[in-house]
Colleague: 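For reference, the structure I am asking about is given below.
Read the numbers this way: they start at 1 and go in the same order the structure lists the ligands and their atoms.
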Amino acid sequence: MDKFLLNINKHCRGENKEDAPQTSGGGVTKRKCRKYDDSYLDFGFTMTDVNNEERPQCVLCLKVLAPECMLPSKLKRHLETNHRNMEGKPRDFFTRKLKELKQQKGTFSQQVSIPSNALLASYKVAYRVAKCKKPHTITEQLILPAAVDLVNIMIGESAGKLLSKVPLSNNTISRRILHMAEDLNDQLIEKIKGVAAG
Ligand SMILES: [Zn+2]
């Protein structure tokens, strides 16, 4: 479970990390904007937009590199050092990876619109409900209203309003529980594979 939550956290944080180093200093730094070229996909790179700036993104590890790295030599080096076994793969392979990435981005942006702490809270509650073997509807019916009451009285109404940001509807909770069960299943299979191989 902890490993799973850690993963969600990483996903959520990973989103904002990319644009952080960009906003340094107030001066007008004129950097030459290198343009993405379609041939860069041969090195496993696509292009992503960060603060209206084109930046190379690896389709294998999803890492977003600095705009300065928008050069065949730099991109090639990333592939060589990080994905040695993928070197020399046909373009079709990278095209397929790119397609997967785009699909992921689609589902990802839906998730990211929920603040990361609210998402984590939602999973924590779902986990408790599943652990106690209670029906998932208890969250919407009882847990959330009770939590809002508690917080309103003990802390203040602004804190109570904050709780409404935590996605806890019946459907959401049932989805979370299913998601966690699937993840557990995957982890178990990986472990069994590891034992069988080792
Ligand atoms: Zn990479």
Colleague: Does the Lys NZ or Arg CZ of Lys89 fall within the cation-pi geometry relative to Phe93 - under 6.0 Å from the ring centre and within 45° of the axis?
Modeller: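 Yes, a cation-pi geometry holds between Lys89 and Phe93.
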Colleague: Is the closest side-chain donor-acceptor distance between Asn170 and Glu140 under 3.5 Å?
Modeller: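 Yes, a side-chain donor-acceptor pair sits under 3.5 Å.
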Colleague: Is the shortest side-chain heavy-atom distance between Val125 and Val166 below 4.5 Å?
Modeller: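 No, side chains not in contact.
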Colleague: How are the rings of Phe45 and His78 set relative to one another: parallel (under 30°), tilted (30 to 60°) or perpendicular (over 60°)?
Modeller: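 Taking His78 first and then Phe45, their aromatic rings stand perpendicular (interplane angle over 60°).
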Colleague: Take Tyr36 and Tyr40, measure what ring pair (Phe, Tyr, Trp, His ring centres under 6.0 Å) needs, and give me the verdict at the end.
Modeller: CA-CA 7 Å; Tyr36 177 75; Tyr40 296 170; 5.6 Å; yes
Colleague: Do Asn171 and Ser169 have a side chain donor and acceptor closer than 3.5 Å?
Modeller: no
Colleague: Enumerate the protein N/O/S atoms at a distance below 2.8 Å from the Zn ion (ligand 1), ignoring waters.
Modeller: Cys58 SG, Cys61 SG, His78 NE2, His83 NE2
